[in-house]
Amino acid sequence: MAQKPSIPKGTRDFSPAEMVRRNYIFDTIREVFQKYGYMPIETPAMENLDTLLGKYGDEGDKLLFKILNSGDFLSKADEKLLAQKDSSRLTGQISEKGLRYDLTVPFARFVVQHQGELTFPFKRYQIQPVWRADRPQKGRYREFFQCDVDVVGSDSLFNEVELVQIVDEVFRKLGIRVIVKLNNRKVLAGIAEIIGESSRLTDITVAIDKLEKIGLEKVNAELLEKGLSNAAIEKLQPILSLSGTNNEKLDRLSYILASSETGIKGVNEIREVLTILEALELKTGIELDLTLARGLNYYTGAIFEVKALDVEIGSITGGGRYDDLTGIFGLKNVSGVGISFGADRIFDVMNQLELFPSEVTASTQLMFVNFGPREGLWCLKLATELRQQGLKVEVYPDSARMKKQMNYANKKNIDFVALVGEEEMKAGTVTLKNMESGEQFSVSPGEIAGKIRKRK
RNA sequence: GUGAUUGUAGCUCAGCUGGUUAGAGCGCCAGAUUGUGGCUCUGGAGGUCGCCGGUUCGAAUCCGGUCUUUCACCCCA
């Protein structure tokens with residue numbers, strides 16, 4: 001052992017057992033996306049740094065993984081900056097590429113760059129890893145997968161509705177009970193407006209987003225610290241403590257926000273989405289939650305978040321509408337709305353609740369023990385036939401000691417083992433052994449498939 | 001970026017206030033059983049005690065640094 005191998009902080013290997021489960025989640029999500037007419041795209045792991053910088057706020061810029069230029073990158077760097085060890089300013093000279101931070105910004109870039117080839121409204125999904133140089137902690141990694149669905153080029157609220165339908169269908173298929181939380185940035189903007197703190201919208205949303213986690217008092221304390229007036233915080237209280245059914249909340253809100261044009265627009269949008277959803281009779285519960293803010297600043301309309309009902313884990317899916325994401329890349333007036341499924345957290349939820357169906361983890365159904373070249377070849381032929389009948393079959397590659405071969409089958413949880421030695425070949429039979437019960441019988445090759453299928 | 005925390009065999013961990021050849025369980029390999037896995041028994045392999053430096057006659061043990069693990073904050077999926 002020369003050195004202990006390891007992987008970078010916050011990254012993970014996935015074992016076969018984990019991969020079949022992860023793929024089950026990805027496949028399920030993909031299938032639903034396609035059912036609604038969304039098509040897959042992929043973008044490079046790395047983007048030009050100027051595509052990424054400035055899109056996620058100062059905090060986000062810090063969390064970008066930057067890629068060193070190739071070659072003698074230092075020779076072109078500014079001597080003074082080098083001498084001063086000014087890393088932040090030096091970065092621009094020695095790095096021009098970075099790993100993608102999310103899928104939404106690369107998607108916006110994609111839309112602008114390929115606008116001539118696309119048909120709008122453009123519906124796409126994208127399942128790829130993203131990277132953040134965050135410090136890892138519970139349920140947070142430096143490399144993780146996002147499953148995004150977005151539609152751009154349509155202002156219709158039908159799109160919001162459709163995304164909720166997709167959420168409903170995905171989680172129903174996976175067997176996870178969830179609640180969809182809905183809010184609207186326009187409502188939040190309206191609230192900021194009527195309490196006279198329009199310019200502090202971001203501070204307000206970041207603070208009230210924590211309401212559930214840290215409580216009303218601490219939220220107020222944070223708002224005060226951010227420089228909001230006592231009067232404004234006072235005015236905010238009845239809004240934060242709003243309760244009742246969705247409709248009751250909406251009625252109260254339209255009264256409170258009456259003087260804010262933006263606020264009322266937001267209320268109406270929520271009302272319309274909820275009304276349509278009601279007509280569609282979804283299984284998933286939908287709750288208007290004013291404290292739902294989501295950090296991402298580019299959201300301008302609806303905001304979604306999905307929480308699992310049976311596990312404490314935070315949100316497992318989230319998204320919203322952004323009116324001008326492509327604007328920064330030079331394409332104006334293209335509105336989009338999308339959501340992102342958090343595959344890693346969904347995985348954790350399903351594991352905890354043991355929701356993975358047994359077929360998902362099923363391994364090889366039949367393994368032929370290898371007795372030697374002649375027997376092996378005979379088995380290879382039979383295995384080929386059985387595979388054509390849809391069975392999962394393998395032939396042990398080496399004529400190793402039988403104990404070793406049986407052990408392999410046992411460890412791999414293989415259902416049946418077939419023994420074909422000299423005797424069986426002469427008699428034209430196969431000795432089939434059920435690895436679970438240990439029972440063993442002699443059958444003809446034609447009976448094998450039936451015996452194995454009967455077990456299910 | 002801030003504050004804690006962890007690191008000893010492939011894995012999970014023990015190793016008392018520094019003292020001789022660093023242990024256990026599980027796993028692995030071999031045998032009991034040369035065409036039969038899981039159970040049992042017997043034997044065996046496997047460790048520069050994360051790394052670098054310091055204190056000391058002597059360091060897995062104490063000190064400093066560094067990396068790593070986990071957790072909270074910031075932020076976020």
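Chain letters run A, B, ... following the sequence lines, proteins first and then strands; every chain starts at 1. Because the structure is a prediction, the values reported are computed rather than measured. Quick note: numbers below take in every heavy atom, side chains included, and nothing from hydrogens, waters or symmetry partners.
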Could you check whether the side chain of Asn410(A) and the base of rG37(B) have a donor-acceptor pair of N or O atoms closer than 3.5 Å, going by distance alone?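 Yes.
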
Donor-acceptor pair under 3.5 Å: do we get one between Gln440(A)'s side chain and the base of rU36(B)? yes

Say you pick atom [atom1] in [N] and the same atom in [M]; how far apart are they, in whole Å?
| N | M | atom1 | result |
| --- | --- | --- | --- |
| rA14(B) | rG44(B) | P | 27 Å |
| rG1(B) | rG7(B) | C1' | 24 Å |
| rG25(B) | rG43(B) | P | 12 Å |
| rG35(B) | rG47(B) | C1' | 39 Å |
| rG27(B) | rU20(B) | P | 31 Å |
| rA60(B) | rU21(B) | C1' | 15 Å |
| rG58(B) | rG18(B) | P | 15 Å |
| rG19(B) | rC26(B) | C1' | 31 Å |

What is the separation between atom [atom1] on [X] and atom [atom2] on [N], rounded to the nearest whole Å?
| X | N | atom1 | atom2 | result |
| --- | --- | --- | --- | --- |
| Asp102(A) | rC75(B) | CG | P | 18 Å |
| Leu103(A) | rA77(B) | CG | P | 11 Å |
| Lys403(A) | rC39(B) | NZ | C1' | 12 Å |
| Lys433(A) | rG37(B) | NZ | C1' | 6 Å |
| Met402(A) | rG37(B) | CE | C1' | 9 Å |
| Asp203(A) | rC75(B) | CG | P | 9 Å |
| Lys62(A) | rU2(B) | NZ | C1' | 11 Å |
| Phe144(A) | rA77(B) | CZ | P | 7 Å |

Each nucleotide in nucleotides 69-74 of chain B should get exactly one letter: B, S or -. Can you fill that in based on protein heavy atoms under 4.0 Å? S-SBBB

Would a 4.5 Å heavy-atom cut-off, applied to side chains only, mark Asp289(A) and Asn183(A) as touching? no

Taking the side chain as every heavy atom from C-beta outward, state whether Asp148(A) and Arg124(A) have any atom pair closer than 4.5 Å.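 Yes, at least one pair of side-chain atoms sits under 4.5 Å.
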
Using 30° and 60° as the class limits, which term best fits the ring planes of Tyr322(A) and Tyr298(A): parallel, tilted or perpendicular?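 Judged by the thresholds at 30° and 60°, the geometry between Tyr322(A) and Tyr298(A) is perpendicular.
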
For the residue pair Tyr396(A) and Tyr408(A), does the interplanar ring angle fall in the parallel (under 30°), tilted (30 to 60°) or perpendicular (over 60°) class? perpendicular

Regarding Thr11(A) and Glu143(A), is there a side-chain donor-to-acceptor distance under 3.5 Å anywhere? no

Gln237(A) and Asn220(A): side-chain donor and acceptor closer than 3.5 Å?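 Gln237(A) vs Asn220(A): donor-acceptor pair found between side chains.
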
Reckon [X] touches a base, only the sugar-phosphate, or nothing at all at heavy-atom distances under 4.0 Å?
| X | answer |
| --- | --- |
| Glu375(A) | nothing |
| Gly57(A) | nothing |
| Thr317(A) | nothing |

Non-hydrogen atoms of Cys379(A) and Val369(A) that approach each other most closely: SG-O, 4.3 Å

Closest non-hydrogen atom pair between Arg142(A) and Lys9(A), with its separation: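 Smallest interatomic distance, heavy atoms only, reads CD-O, 3.0 Å.
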
Check this for me: does any side-chain nitrogen of one of [X] and [Y] sit under 4.0 Å from a carboxylate oxygen of the other?
| X | Y | value |
| --- | --- | --- |
| Glu31(A) | Lys173(A) | yes |
| Arg12(A) | Glu18(A) | no |
| Lys55(A) | Glu47(A) | no |

First of Arg401(A) and Met406(A) reached from the 5' end of RNA chain B, by closest nucleotide: Arg401(A)

Nearest of rC28(B), rC76(B), rG35(B) to any side-chain atom of Lys411(A)? rC28(B)

Taking a pair as Watson-Crick (N1 to N3 plus N6-O4 or O6-N4) or G-U wobble (N1-O2 and O6-N3), both under 3.5 Å, which stems of 3 or more consecutive pairs involve RNA chain B?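 Runs of three or more consecutive pairs: B:1-4 with B:70-73, B:10-13 with B:23-26, B:28-32 with B:40-44, B:50-54 with B:62-66.
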
Ser95(A) side chain to Ile67(A) backbone, donor-acceptor under 3.5 Å: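 Answer holds: yes.
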
Stepwise side chain to side chain donor-acceptor pair (under 3.5 Å) test for Glu212(A) and Thr291(A): CA-CA 8 Å; Glu212(A) 198 179 326; Thr291(A) 71; 5.3 Å; no

Under a 4.0 Å heavy-atom cut-off, which of residues 422-430 of chain A touch RNA chain B? Glu422(A), Glu423(A), Glu424(A)

